Amino acid sequence: MDLVTWNINSVRAREDRLVHWLDHFQPDVLCLQETKVVDEAFPRARCEALGYHVSHYGQKAYNGVAILSRSEPEDVVCGFDDGQPEDEQSRLIGARIDGVRIVSAYFPNGGRMGSDKYAYKLGWMKRLRAMLDARFDPAAPLALCGDYNVAPFPDDVANPDVYEGSVLANDDVRGALADIADFGLVDVFRPFHPRGHVWSWWDYRAGSFQRDEGLRIDHVFCTAPLAERVIGASVDRPEREGTGASDHAPVRVRFAQRAPTSPLWPPQAP
DNA sequence: ATGGTAGACGCTCTA
């Protein structure tokens with residue numbers, strides 16, 4: 001199974017790029033964030049023409065998440081759906097695809113430290129952990145894919161002077177991420193890039209991509225029965241090049257049908 | 001200098 005997560009930063013501005021990318025890579029599942037359109041405005045027909053089912057939970061101007069899949073999605077759930085008043089922002093969609101629970105998540109950015117947006121981010125992450133506890137089983141295959149807006153380690157940050165201590169990289173937000181992972185999820189990307197310094201997002205400003213000053217904030221965290229099947233993970237850097245690119249690159253993960261005899265995860269000592 | 005750029009919306013917000 002080829003699984004990809006990509007913050008596309010407006011599906012309207014990047015419709016042609018999306019269609020060409022899908023046609024070229026043909027992943028089994030593509031999770032999108034920041035589509036920035038209502039459901040009716042998603043380019044559904046062009047995706048379906050390429051053989052994809054589209055599950056989209058959008059809103060006007062901001063946010064918006066989607067799951068595109070070659071197999072028909074089952075049990076599609078939008079938002080937290082946890083019995084509390086729903087989050088007004090469209091940041092979560094989930095579906096079961098080929099027996100695997102897929103979640104496409106757009107974590108709040110958090111604005112500035114100490115802001116209302118930052119408090120919303122921490123609350124949102126707590127609520128996500130509670131939702132996982134209430135609905136899912138860590139012993140069943142699940143992939144939490146998306147723009148987490150958190151760089152897990154210092155070496156996931158190119159420019160620590162600017163970003164360490166920010167809403168994307170500080171002890172509290174890393175603690176909130178660790179609490180989510182404590183449900184029973186592991187970062188399946190990092191073991192393939194143990195020295196870090198692999199980025200998934202580069203600020204549009206100050207020539208960050210040209211200087212290769214980015215952060216790794218887009219992730220695929222999986223429960224053990226899925227994590228033991230991972231056989232590769234990479235960032236599609238070329239998609240970030242040139243004009244008209246999203247500020248995020250797609251993050252790709254490949255899973256074997258069954259767990260390999262010598263698992264790549266967790267990494268084996270030499 | 002609360003900077004720089006990009007997208008959506010409509011002159012301001014979000015990232």
Side-chain angles (χ1 to χ4, degrees), chain A residues 5-21 31-44 46 56-66 79 87-93 104-125 128 145-152 156-170 172-174 176-177 199-219 235-251:
Chain A
T5 185
W6 185 17
N7 180 321
I8 194 169
N9 186 19
S10 170
V11 75
R12 183 175 283 149
R14 260 168 281 288
E15 181 177 329
D16 287 343
R17 283 186 95 110
L18 169 63
V19 169
H20 292 140
W21 192 94
C31 294
L32 294 174
Q33 300 87 36
E34 280 207 274
T35 60
K36 296 187 174 181
V37 293
V38 294
D39 294 345
E40 297 71 35
F42 191 94
R44 173 179 294 274
R46 293 184 71 187
H56 182 243
Y57 179 46
Q59 69 178 79
K60 186 181 173 186
Y62 302 116
N63 309 308
V65 284
D87 187 6
E88 319 83 48
Q89 306 187 19
S90 300
R91 295 181 175 276
L92 273 177
I93 188 168
S104 180
Y106 175 42
F107 288 40
N109 171 287
R112 297 266 186 170
M113 291 297 288
S115 67
D116 290 349
K117 289 192 183 71
Y118 184 62
Y120 167 66
K121 178 181 196 169
L122 294 179
W124 193 96
M125 292 176 74
L128 178 64
C145 314
D147 177 359
Y148 286 38
N149 271 311
V150 180
D156 292 318
V157 179
N159 194 337
D161 290 346
V162 173
Y163 288 105
E164 282 297 334
S166 79
V167 294
L168 302 178
N170 68 69
D172 284 344
V173 81
R174 284 172 174 151
L177 177 59
W199 328 123
S200 67
W201 171 81
W202 298 257
D203 198 302
Y204 280 126
R205 297 166 289 188
S208 301
F209 184 70
Q210 288 70 27
R211 299 146 74 95
D212 198 30
E213 291 187 352
L215 286 81
R216 188 175 71 98
I217 55 175
D218 299 271
H219 305 296
V235 171
D236 177 22
R237 277 181 61 100
E239 176 54 40
R240 180 61 179 78
E241 290 169 4
T243 55
S246 168
D247 45 354
H248 298 252
V251 173

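Small disclaimer: the values here were computed from a predicted structure and weren't measured. Just so we're on the same page: letters track the sequence lines, and every chain starts at 1.
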* Asked: Taking 4.0 angstrom as the limit, do Arg46(A) and Asp16(A) come out as a salt bridge?
  -> yes

* To do: Using the C1' atom as the reference point in each nucleotide, state the distance between dG4(B) and dT14(B) in Å, no decimals.
  => 15 Å

* Structure fact -> note: Tyr163(A), atom OH; dG4(B), atom P; distance rounded to Å ~ 15 Å

* Gln59(A) CD to dC13(B) P, straight-line distance once rounded to whole Å -> 17 Å

* Between dT14(B) (P) and Arg91(A) (CZ): distance, integer Å -> 11 Å

* Rounded interatomic separation in angstrom, taking CG from Asn7(A) and C1' from dG7(B) -> 12 Å

* To do: Carefully, step by step, assess Asp236(A) and Trp21(A) under the rule side chain to side chain donor-acceptor pair (under 3.5 Å).
  => CA-CA 10 Å; Asp236(A) 177 22; Trp21(A) 192 94; 2.8 Å; yes

* Nearest-Å distance once atom C1' is located in both dA15(B) and dT2(B) -> 15 Å

* Give the ring-plane orientation class for Trp124(A) versus Phe107(A), where under 30° counts as parallel, over 60° as perpendicular and anything between as tilted. => tilted

* Nucleotide dA6(B), atom P - distance to NZ of Lys36(A) in whole Å -> 13 Å

* To do: Decide, yes or no, whether a salt bridge links Glu40(A) with Lys60(A) under the criterion of side-chain N to carboxylate O below 4.0 Å.
  => no

* Can you sort out which residues in residues 201-211 of chain A have a heavy atom within less than 4.0 Å of DNA chain B? Ascending by number, please. => Tyr204(A), Arg205(A)

* Starting from the 5' end of DNA chain B, give me the residue, Val11(A) or Asp247(A), whose nearest nucleotide shows up first. => Val11(A)

* To do: Determine the Euclidean distance between corresponding P atoms of dC11(B) and dA1(B); express it in Å to zero decimal places.
  => 28 Å

* Counting only N and O atoms by type, is there a donor-acceptor contact under 3.5 Å from the side chain of Lys121(A) to the main-chain atoms of Asn109(A)? -> yes

* Asked: Taking the C1' atom of each, how far is dC13(B) from dC9(B), in whole Å?
  -> 9 Å

* Assess the side chains of Asn7(A) and Glu34(A): does a donor N or O sit below 3.5 Å from an acceptor N or O? => yes

* Determine: side-chain N/O of Lys60(A) to OP1/OP2 of dA8(B), distance under 4.0 Å, yes or no. => no

* Structure fact -> Taken to the nearest whole Å, CG/Asn63(A) to P/dT14(B) is 11 Å

* **Whichever of Glu34(A) and Val37(A) has its nearest DNA chain B nucleotide further upstream toward 5'** => Val37(A)

* Sub-4.5 Å side-chain heavy-atom contact between Trp202(A) and Asp212(A) -> yes

* **Interface with DNA chain B, restricted to residues 12-19 of chain A and to heavy atoms under 4.0 Å** => Arg12(A), Ala13(A), Arg14(A)

* Output the distance between atom CG (Asp247(A)) and atom CG (Asp203(A)), rounded to the nearest 0.5 Å. => 7.5 Å

* Asked: Atom CZ of Arg112(A) and atom P of dA15(B): how far apart are they, to the nearest Å?
  -> 12 Å

* To do: First locate atom CZ of Arg44(A), then atom NE2 of His56(A), and finally report the distance between them rounded to the nearest 0.5 Å.
  => 9.0 Å

* Atom-to-atom span, CG of Leu168(A) to P of dA15(B) - whole angstrom -> 11 Å

* Main-chain N/O of Gly244(A) paired with Arg14(A) side-chain donor or acceptor, under 3.5 Å -> yes

